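Everything quoted here is computed from the prediction, not taken from an experiment.
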Amino acid sequence: MRKMNNLIGNTPLVKISEHLYAKLEAFNPAGSVKDRMISYVVQKAQLYGEIKKGTIMCDATSGNTGIALSMAAAHLGLTCVIFMPRNMSEERRQMMKIYGAKIIDAPDDDFSGAIAMRDAYLAANANAWSPMQFSNRRNIECHFSNTAPEIHRQVVMLKRPWEAFIHGSGTGGTIEGVRRYLLHHKMGTKVCMVKPSESPHGIQGIADGKEFLAKEKDMHEIIEIKTQEAIDRAKRLADENGLLVGISSGANVLAAELWIAKNSPSGNVVTMLCDRGERYMSIYGK
């Protein structure tokens, strides 16, 4: 994975408005923030001999981790098996299949069921390995060690304080890694979690069934966004900013704008544009 890892991270921090900046994670090779976690976890697993010739990579996912894992497996010449709810976007399913992955469906919106299917597969296959994205502490470690300092360096260049980080939580690895970095460096930056206001919801990639690596009680604020509002804001990012990004990106930007309107910061607020919008075109076209 070493050559592939050189292509991951160091994504642009783009200006959305006067106080709002966002990491454009579409610049990663498989097009999402999950490339960071998968490359980090896979490299660690290789280092400790957990991945070898003949290993079958597998995980439960709503989509982007599956795409990143499928890419990594293809790069290493390994088999990949993905467990995911069957109502996730067709475009993301197609991307995994193009990378050569096999998809096994769980019921609609049933992330716990997908995780249980993954665990049963691991138990039945001695040569199977999983990044265990919902419980692996290396997920947090990746964003503490790489993503957060990368954002910090970019914010410093703007010459205004980093006042808030606002982001949705799927596994929770990104927001928790950044939160721990900010605490470690005593920066005083607020960390706010974005959540869908409905259940079930259509903001694919966040609120995947329950809390995993990040806990609501540790956040400064929880900001709820409706699915259609997230879709509409994502469409506006394409129309007004030329940024074709996913539904969770629309939720993140809208939540950040609500926080800015409420708090009138003098410094900068940072969020994540988590993935490319092409994987949601069947939803955006409705």
If you measure from [atom1] on [X] to [atom2] on [Y], what distance do you get to the nearest 0.5 Å?
X      : Y      : atom1 : atom2 : value
Leu20  : Ile260 : CG    : CD1   : 4.5 Å
Ile115 : Thr61  : CD1   : OG1   : 10.0 Å
Met37  : Ser32  : CE    : OG    : 8.5 Å
Ile247 : Asp232 : CD1   : CG    : 10.5 Å
Met57  : Trp129 : CE    : CH2   : 5.0 Å
Gln94  : Ile103 : CD    : CD1   : 9.0 Å

Under 3.5 Å, is there a donor-acceptor pair between the [X] and [Y] side chains?
X      : Y      : value
Arg279 : Gln204 : no
His143 : Thr174 : yes
Gln133 : Thr65  : yes

Identify every side-chain donor-acceptor pair in residues 150-165 under 3.5 Å, counting partners at least two apart or on other chains, and give the distances.
residue, atom, partner, partner atom, Å
Glu150, OE1, Asn10, N, 3.0
Glu150, OE1, Arg36, NH1, 3.1
Glu150, OE2, Asn10, N, 3.0
Glu150, OE2, Thr11, N, 3.1
Glu150, OE2, Lys23, NZ, 2.5
Glu150, OE2, Arg36, NH2, 2.8
His152, ND1, Tyr181, OH, 2.8
Gln154, OE1, Lys23, NZ, 2.8
Gln154, NE2, Thr11, O, 2.9
Arg160, NE, Asn268, OD1, 3.3
Arg160, NH1, Glu18, OE2, 3.2
Arg160, NH2, Glu18, O, 2.6
Arg160, NH2, Asn268, OD1, 2.9
Trp162, NE1, Ala164, O, 3.0
Glu163, OE2, Ser266, N, 3.0
Glu163, OE2, Ser266, OG, 3.2
Glu163, OE2, Gly267, N, 2.6

Taking the side chain as every heavy atom from C-beta outward, state whether [X] and [Y] have any atom pair closer than 4.5 Å.
X      : Y      : result
Leu273 : Val14  : yes
Ile166 : Leu258 : no
Met84  : Arg93  : yes
Val253 : Val245 : no
Ser130 : Tyr121 : no
Tyr99  : Ile82  : no
Ser282 : Glu91  : yes
Asn139 : Phe134 : no

Identify the heavy atoms of [X] and [Y] that sit nearest to each other, and give their distance.
X      : Y      : answer
Lys52  : Leu78  : O-CD2, 3.8 Å
Pro85  : Asp109 : CB-N, 3.5 Å
Ser249 : Asp275 : OG-N, 3.9 Å
Leu213 : Gly172 : CB-C, 4.1 Å
Arg276 : Pro29  : NH2-O, 4.0 Å
Met132 : Asp59  : N-OD2, 3.5 Å

Transitive ILVMFWY side-chain link [X] to [Y], under 4.5 Å:
X      : Y      : value
Leu76  : Leu69  : yes
Val269 : Ile16  : yes
Tyr21  : Val178 : yes
Ile56  : Met117 : yes
Ile206 : Phe212 : no

Evaluate the side chain to side chain contact (heavy atoms under 4.5 Å, CB included) criterion for residues Leu122 and Cys58: first the C-alpha distance (whole Å), next the side-chain angles of each, then the deciding distance (0.1 Å), finally the verdict. CA-CA 8 Å; Leu122 286 167; Cys58 67; 3.7 Å; yes
Can you confirm whether more than 12 heavy atoms, excluding those of [X], are under 6.0 Å from its [atom1] atom?
X      : atom1 : answer
Phe27  : CZ    : no
Lys215 : NZ    : yes
Ile98  : CD1   : no
Lys226 : NZ    : no

Is there a side chain to side chain contact (heavy atoms under 4.5 Å, CB included) between Glu90 and Met281 once you walk through the steps? CA-CA 9 Å; Glu90 182 59 30; Met281 296 306 291; over 6 Å; no
Other ILVMFWY residues reachable from Tyr48 by side-chain steps of under 4.5 Å: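 Taking Ile, Leu, Val, Met, Phe, Trp and Tyr as members, Tyr48 shares its hydrophobic cluster with Leu47.
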Does any N or O in the side chain of [X] come within less than 3.5 Å of the main-chain N or O of [Y], such that one atom is a donor and the other an acceptor?
X      : Y      : answer
His220 : Val191 : yes
Asp35  : Ile8   : no
Asp239 : Lys235 : no

Val194 vs Ile203, side chain to side chain contact (heavy atoms under 4.5 Å, CB included): CA-CA, chis, key distance, verdict: CA-CA 11 Å; Val194 183; Ile203 308 177; over 6 Å; no
Residue pair Val81, Asn125: steps toward the side chain to side chain contact (heavy atoms under 4.5 Å, CB included) verdict: CA-CA 12 Å; Val81 178; Asn125 293 273; over 6 Å; no
Using side-chain hydrogen bond (donor to acceptor under 3.5 Å, both in side chains) as the criterion, list what pairs up with Asp108, not counting sequence neighbours.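 With sequence neighbours excluded, Asp108 shows a side-chain hydrogen bond (donor to acceptor under 3.5 Å, both in side chains) to Arg86, given in chain and number order.
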Are Glu50 and Arg138 close enough for a salt bridge, meaning some N to O gap below 4.0 Å?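 Yes, Glu50 and Arg138 are salt-bridged.
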Arg180/Asp218 salt bridge by N-O under 4.0 Å criterion: no
